[in-house]
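Here the structure is a predicted model, which means the values were calculated and not measured.
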Amino acid sequence: MNFILLGAVIMGFFIVSLIFLRSWRTTSDRFFLFFSISFFIEGASRLMLSLMNYSNEQEPFFYIPRLLAFLIILYAVAEKNGLWRSQK
């Protein structure tokens, strides 16, 4: 993959992470914190992918951080919609 394009994608993930972090600091809503963490993990995963000498991007090792990031997003959405609140 073109390193300039990959650098732009990595920068985009980190900038979006910082935007969500700023939103969390102003609103104190954990939803924004979870999204910030998720985008940071995605950016770090892409950075790791660009720095490592790998044989194939299809190796399962590269999918573990992506899976974690998506699970964090799913948890944030479920928590925001109140799926774990006890109904009385």
>> As a quick check of understanding, evaluate side-chain contact (heavy atoms from CB on, under 4.5 Å) for L18 and F14, giving each step before the final call.
In response: CA-CA 6 Å; L18 289 174; F14 286 138; 5.6 Å; no
> What is the distance from atom CG of L21 to atom OG1 of T26, rounded to the nearest 0.5 Å?
Replying inline: 10.0 Å
>> Among residues at least two apart in sequence or on other chains, which ones pass side chain to side chain contact (heavy atoms under 4.5 Å, CB included) with A78?
In response: L83, W84
>> Filter on salt bridge (Lys or Arg N to Asp or Glu O under 4.0 Å), then keep only pairs touching residues 67-76, sequence neighbours left out; what's left?
In response: none
> Hey, any chance L6 and M11 share a hydrophobic cluster, counting ILVMFWY side chains that come within less than 4.5 Å of each other, even indirectly?
Replying inline: no
> In Å and rounded to the nearest 0.5 Å, what is the CD1 to CG distance from I72 to L67?
Replying inline: 10.0 Å
> Is V77 reachable from W24 through a run of I, L, V, M, F, W or Y residues, each pair having side-chain heavy atoms under 4.5 Å apart?
Replying inline: yes
>> I'd like to know if I64 and L49 are part of one continuous hydrophobic network [Ile/Leu/Val/Met/Phe/Trp/Tyr, side-chain heavy atoms within less than 4.5 Å].
In response: no
For residues 29-42, run the donor-acceptor check on the side chains, cut-off 3.5 Å, and write out each pair with its distance to 0.1 Å, sequence neighbours left out.
from	atom 1	to	atom 2	distance (Å)
D29	OD1	F31	N	3.4
D29	OD2	K80	NZ	2.5
R30	NH2	E79	OE2	2.6
S36	OG	S17	O	2.9
S36	OG	S17	OG	3.3
S38	OG	A69	O	2.9

